[in-house]
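Given the structure is predicted, the values throughout are model-derived calculations rather than measurements. Below, read A as the first sequence line, B as the second, and so on, with proteins coming before strands; counting in each chain starts at 1.
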Amino acid sequence: MQIQAVRGFRDVLPGEVALWQKVEAIARSVLERYGFREIRIPILEKTELFSRSIGESTDIVEKEMYTFTDRSGISLTMRPEATAGILRAYIEHSLYQLEPVSKLYCIGPMFRHERPQRGRYRQFHQINAEVLGSSDPRTDAELLALLRTLFEELGLRELDFQLNSLGCPSCRPGFRSKVAEYLGTKRARLCSDCQRRLMTNPLRVYDCKVETCREALAGAPVILDELCQECEAHFLSVQKNLSLLGIPFSVNPFIVRGLDYYRRTTFEVLSSDLGAQNAVCGGGRYDGLMGELGGPDLPGIGFAIGEERLVSILEGRAGAPTSSLDLFLAALGEEATEKAFLYLDKARRLGLRAEMDFRGGSLKAQMRRANKLGSRRLLILGEAELSKGMATVKDMADGTQVEIPLDELESAMAGWKEACSQRG
RNA sequence: GUGAGUGUAGCUCAGCUGGCCAGAGCACCAGGUUGUGGCCCUGGGGGUCGAGGGUUCGAGUCCCUUCACUCACCCCA
């Protein structure tokens, strides 16, 4: 019985890696342009960090975490998201002493034990950004602006930016009790899922797709009508700043995030070609979280981009980078092969992407290989060349070939490298 | 966790109501020039028909179990 990968855990094969690297390279470039610096944090954290931040009664903590007891008896969890760990590190190393506002990003795998489906895996990757120490609405707008730039540079223009405010501890409880009261009167007309949600997370009812539930919600209270003055001012300012920057968005009062720590601004970026798991990015403000984790009471806001989902959207499109070769060396005969092996390494040390096939074979076979690898040039070393102290160099694109004395080969290769760099 | 669908070569798939050695295209390798690629031609390697059990004279084809994948619910990135 052969061993297969664990369910929901996937290999990214060499053919797909180029796209991942492109996504990450563009992400890093944009993030750093907007002032973010990378932080790398552990995959394992104490379980308590997540139950305290994400929320004891959330789905993530209740039934999706990879939690186990290690050999010294403490409960550890493979991170299901990045914010908690970043805050932990930020507090632990007193990074708030270094600067008033920190902008941090982190790219890496997250783990949640869910039923796998398109765009949802048990190990998945997020590009995560957090701004700590700023409660200015411009910070919220700046994050969305960053996302716009990032998606633009990835060639994604058809994305839907949706925005909401979840209020704060001074206005949300009032809203929640209004919701509970309202839904209580409609209880009988709600589906069984929603009747359960009434107890666990009433706001989720707003998301339900069942027809009768949607009807029951017709006159339900809306969070945006219940915001306190400060929250409303903040939300309006975020919108004003988004308009100033010309970022299109829509307000969706039914965005309910699955993590308890969100306050005020929350947002999602949706793609229409992702199927059911259509959120490419989600995030929001979490003022108050840092204090709850034992740090200073500093505000924060962040987002997470689902890398698999991004890659999945990009996959169907043209323009995937293909790797190619600068030089392929074909050798005929033992002596020539030894010489070629030497020049192969010299070429690489000069910065050329060079390859040869140690299996040898006919010149034809080696040329086929060179062609398959997309090599720009072919260097032929055979007995004929060796006896003359020459090498044949063929341009694979136009088929022309010239002979170069072996003692000039290195400088010739250096010249090709120059041409490559200028071209690139 | 719930429901539905699918599982035949590396990839995309064919294989009708169970019956002759399990096929095609692409990919891979080789030959078609005594040392010259891409196209074309010829040939070749490669499959425990997801796995396990059952029905049958006989199963890729029917039944059961299991695993995986896909889609949806749920949830979210």
Give the rounded distance in Å between these two atoms: [atom1] of [X] and [atom2] of [N].
X      : N     : atom1 : atom2 : result
A:I54  : B:C75 : CD1   : P     : 16 Å
A:E114 : B:A72 : CD    : C1'   : 14 Å
A:R359 : B:C28 : CZ    : P     : 11 Å
A:E307 : B:A77 : CD    : C1'   : 11 Å
A:E64  : B:C75 : CD    : P     : 10 Å
A:R120 : B:G1  : CZ    : C1'   : 10 Å
A:K63  : B:U2  : NZ    : C1'   : 11 Å
A:R112 : B:G1  : CZ    : C1'   : 17 Å

Basic-acidic side-chain contact under 4.0 Å: A:E292, A:R52: no
Salt-bridge present (A:E355, A:R348; N to O < 4.0 Å): yes
Mutual orientation of the aromatic rings belonging to A:F9 and A:Y66 [parallel < 30°, tilted 30-60°, perpendicular > 60°]: perpendicular
For [N] and [M], measure between their [atom1] atoms and round to the nearest Å.
N     : M     : atom1 : answer
B:U48 : B:U34 : C1'   : 46 Å
B:U36 : B:G31 : P     : 11 Å
B:U8  : B:C16 : P     : 15 Å
B:G18 : B:C63 : C1'   : 13 Å
B:G52 : B:C13 : P     : 25 Å
B:A9  : B:C49 : P     : 9 Å
B:A14 : B:U6  : P     : 12 Å
B:G15 : B:G58 : P     : 26 Å

Selection residues 328-346 of chain A - residue pairs positive for side-chain hydrogen bond (donor to acceptor under 3.5 Å, both in side chains), sequence neighbours left out: A:K346-A:E410
Run the side chain to side chain donor-acceptor pair (under 3.5 Å) test against [X] and tell me which residues pass, sequence neighbours left out.
X      : result
A:S177 : none
A:S362 : none
A:S271 : none
A:T149 : A:Y34

Where protein sits on nucleotides 35-46 of chain B, one letter per nucleotide: B base, S sugar-phosphate only, - none, heavy atoms under 4.0 Å: BBBB--------
Results of ring pair (Phe, Tyr, Trp, His ring centres under 6.0 Å) for A:H93 - residues two or more places apart only: none
For A:H125, all residues meeting ring pair (Phe, Tyr, Trp, His ring centres under 6.0 Å), sequence neighbours excluded: A:W20
Name the nucleic acid region contacted by [X], choosing base, sugar-phosphate or nothing; use a 4.0 angstrom heavy-atom cut-off, strictly under.
X      : value
A:A365 : sugar-phosphate
A:A304 : sugar-phosphate
A:G361 : nothing

Please list, pair by pair, any protein nitrogen or oxygen found under 3.5 Å from a nitrogen or oxygen in nucleotides 68-70 of chain B.
residue, atom, partner, partner atom, Å
B:C69, OP2, A:R7, NE, 2.9

Toward the 5' end of RNA chain B, by each residue's nearest nucleotide, A:H113 or A:G275: A:H113
Residue pairs, two or more places apart or on separate chains, that pass ring-ring contact (aromatic ring centres under 6.0 Å, His included) and touch residues 346-402 of chain A: A:F341-A:F358
With sequence neighbours excluded, residues passing salt bridge (Lys or Arg N to Asp or Glu O under 4.0 Å) with A:R349: none
Nearest atoms (heavy-atom pairs only) where A:S135 meets A:H234: O-CE1, 3.2 Å
Runs of at least three consecutive pairs that involve RNA chain B, where pairs are Watson-Crick or G-U with distances under 3.5 Å: B:1-7 with B:67-73, B:10-13 with B:23-26, B:28-32 with B:40-44, B:50-54 with B:62-66
